[in-house]
Number of protein chains: 2
Amino acid sequence: MESSGAQPEGVLRRRPGHKAGVEGLEPAVTTAAPTSSSRDLPHPAREEIRLESVLHALSDPMRLQVVRELAADGGELSCSHFDLPVTKSTTTHHFRVLRESGVIRQVYRGTAKMNGLRRSDLDGLFPGLLDSVLAAAAGQAARPVDG
Amino acid sequence: MESSGAQPEGVLRRRPGHKAGVEGLEPAVTTAAPTSSSRDLPHPAREEIRLESVLHALSDPMRLQVVRELAADGGELSCSHFDLPVTKSTTTHHFRVLRESGVIRQVYRGTAKMNGLRRSDLDGLFPGLLDSVLAAAAGQAARPVDG
DNA sequence: ACGCTCGTACGATAGGCATCGTAGTACGGA
DNA sequence: TCCGTACTACGATGCCTATCGTACGAGCGT
């Protein structure tokens, strides 16, 4: 079906169906420096972090909430610390999205997996972005419509 | 299917499947003030704009590009001004997402539909957000990996 | 009036993704 | 050693959405 029918003119158009891989949602997760435990998790290197992926990661209410709590704490929090209204499977999924987009860093610490914001990386790449998003989220949460 | 099987405990969980309407992706588009032409388009009122929707709208490369050009121009641009590598149908779709999320304002001007950033609304609701996103996009576009 | 251009609406297609459940692995304590 | 806790992997489900094509509506120019 790819090259079948009647393209408007000679213009090179995207293949029909799907979004044709335009999104930068695959940071080619390549870990840079080994940390401590035997179980290591793939993180995008700082230069691999894509703005679109970060915005996408933050556009989910669940994940935005997690990021807000991480920012409020400042340090590292275990996955189980968060009381999200979803199952643990889904929680794992959200944390992975945050990690693979470069928003958080995850490290195994015994049985627990500790999560920390990649503040310096994000601030270095996108100055002011994280702060304005956090401020916006706080402001919106304080609005009447949002409780 | 709702109350069929084996919920972990008494905890009220989301219905299986789907994301259970958690996302704020339906700003209940209620136009506030009629403008000029007979053909009017539904825009979310300023207070209806949700941070998650804005971030989601900006997380698409196509739409981010449109927003960057609108910001660079400062004024209003017609839809046809943009030379996106997709068909007109898809272009219309993206502009609608931007409008319904509150990022742009669309007004019919003859046969053309003019698009303008809702700068004051966005800056009022989320101070610094748009600027940091634009700066981040510009910085990323200047990075070696991005050409 | 006629057509041209701009943009919409609608339906189809296909991959994305948020969610769940179940089963399994890793680590630490009893 | 055995069990409990923390988290993962995998498959299923069902909506979301980016994309296309075609057919249509609304203005402007001739």
Side-chain angles (χ1 to χ4, degrees), chain A residues 1-8 11 13-23 25-26 37-42 52-53 56-57 59-63 77-82 84-101 106-115, chain B residues 1-2 4-8 11 13-23 25-26 37-42 52-53 56-57 59-63 77-82 84-97 99-101 106-115:
Chain A
M1 200 186 290
E2 280 72 345
S3 57
S4 59
Q7 237 82 39
V11 183
R13 295 242 168 259
R14 294 289 182 274
R15 294 193 306 284
H18 183 225
K19 60 164 67 170
V22 173
E23 290 230 19
L25 288 180
E26 297 185 49
S37 181
S38 54
R39 287 192 289 170
D40 261 345
L41 293 159
E52 297 90 334
S53 304
H56 176 78
S59 74
D60 184 280
M62 223 59 105
R63 296 192 288 258
L77 293 173
S78 72
C79 286
S80 56
H81 169 270
F82 297 86
L84 303 179
V86 292
T87 60
K88 277 200 295 182
S89 305
T90 305
T91 301
T92 296
H93 161 69
H94 284 309
F95 275 105
R96 180 169 43 196
V97 172
L98 285 171
R99 169 171 49 85
E100 293 183 347
S101 68
Q106 294 189 296
V107 171
Y108 280 106
R109 191 102 61 196
T111 69
K113 188 156 73 170
M114 307 306 290
N115 306 278
Chain B
M1 196 188 295
E2 281 72 346
S4 58
Q7 237 83 37
V11 183
R13 295 241 169 259
R14 295 287 182 277
R15 293 194 305 286
H18 184 223
K19 57 165 67 169
V22 173
E23 289 230 19
L25 288 181
E26 298 185 49
S37 183
S38 55
R39 287 191 288 170
D40 261 346
L41 293 159
E52 297 90 333
S53 304
H56 175 77
S59 74
D60 183 280
M62 224 57 105
R63 295 192 288 257
L77 293 173
S78 72
C79 287
S80 57
H81 170 269
F82 299 87
L84 303 179
V86 292
T87 60
K88 279 198 297 180
S89 305
T90 307
T91 301
T92 296
H93 162 68
H94 284 309
F95 275 105
R96 180 168 46 197
V97 172
R99 170 171 47 88
E100 293 183 346
S101 67
Q106 294 189 296
V107 171
Y108 278 107
R109 190 102 60 196
T111 69
K113 187 155 76 170
M114 307 306 290
N115 305 278

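In the text below, chain A, chain B and the rest are named by the order of the sequence lines, each starting its count at 1. Side-chain atoms are counted along with the backbone in the values below, which use heavy atoms only and exclude waters and symmetry mates.
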**Q** Expressed in angstrom and rounded to an integer, what is the separation of A:H93 atom NE2 from C:dC20 atom P?
**A** 11 Å
**Q** Please report, rounded to the nearest Å, how far the P atom of D:dA6 is from the CG atom of A:L77.
**A** 15 Å
**Q** Between C:dG7 atom C1' and B:L84 atom CG, what is the distance in whole Å?
**A** 14 Å
**Q** Does a donor on one side chain sit under 3.5 Å from an acceptor on the other, for A:T87 and A:T90?
**A** yes
**Q** B:V97 side chain: which of D:dA18, C:dC6, D:dC7 is closest?
**A** D:dA18
**Q** Roughly how far apart are A:L41 CG and A:R96 CZ, rounded to 0.5 Å?
**A** 10.5 Å
**Q** Looking only at side-chain atoms of B:T87, point me to the closest of D:dA6, D:dG21, C:dG21.
**A** D:dG21
**Q** Check whether any side-chain heavy atom of B:D60 sits under 4.5 Å from a side-chain heavy atom of A:E52, and report yes or no.
**A** no
**Q** Can you tell me how far C1' of D:dA6 sits from CG of A:L41, to the nearest Å?
**A** 13 Å
**Q** Taking for each residue the nucleotide of DNA chain C with the nearest heavy atom, is it A:T91 or B:C79 whose nucleotide lies nearer the 5' end?
**A** B:C79
**Q** How close or far is atom P of C:dC6 from atom CE of B:M114, stated in whole angstroms?
**A** 13 Å
**Q** How long is the straight-line distance from CZ of A:R63 back to CG of A:L84, given to the nearest 0.5 Å?
**A** 11.5 Å
**Q** Are any protein N/O atoms closer than 3.5 Å to N/O atoms in nucleotides 9-11 of chain D? If there are, list each pair with its distance.
**A**
| from | atom 1 | to | atom 2 | distance (Å) |
| --- | --- | --- | --- | --- |
| D:dA9 | N6 | A:S89 | OG | 3.4 |

**Q** Does A:S78 have any side-chain contact (heavy atoms from CB on, under 4.5 Å) partners at least two apart in sequence or in another chain, and if so, which?
**A** A:S80, A:H81, A:A112, A:M114
**Q** Roughly how many Å is it from CG in B:N115 to P in C:dG7, rounded to a whole number?
**A** 8 Å
**Q** With respect to the phosphate group of D:dC20, does any side-chain polar atom (N or O) of B:T90 fall under 4.0 Å of OP1 or OP2?
**A** yes
**Q** Looking at A:H56, I'd like to know whether one of its side-chain N or O atoms comes within less than 4.0 Å of OP1 or OP2 on C:dG16.
**A** no
**Q** Evaluate B:F82 against B:T91 for side chain to side chain contact (heavy atoms under 4.5 Å, CB included), listing each step before the verdict.
**A** CA-CA 9 Å; B:F82 299 87; B:T91 301; 5.7 Å; no
**Q** Any side-chain N or O of A:H94 below 4.0 angstrom from OP1/OP2 of C:dC17?
**A** no
**Q** For A:R109 and C:dG28, give me the distance from atom CZ to atom C1', rounded to whole Å.
**A** 16 Å
**Q** Nearest of D:dA6, C:dA18, D:dC20 to any side-chain atom of A:D60?
**A** C:dA18
**Q** Between C:dC4 atom P and B:K88 atom NZ, what is the distance in whole Å?
**A** 14 Å
**Q** Is there a side-chain contact between B:R63 and the phosphate of D:dA18, meaning an N or O under 4.0 Å from OP1 or OP2?
**A** yes
**Q** Determine, step by step, whether B:C79 and B:T92 satisfy the side chain to side chain contact (heavy atoms under 4.5 Å, CB included) criterion, reporting the C-alpha distance in whole Å, the side-chain angles of both residues, the deciding distance to 0.1 Å, and the verdict.
**A** CA-CA 8 Å; B:C79 287; B:T92 296; over 6 Å; no
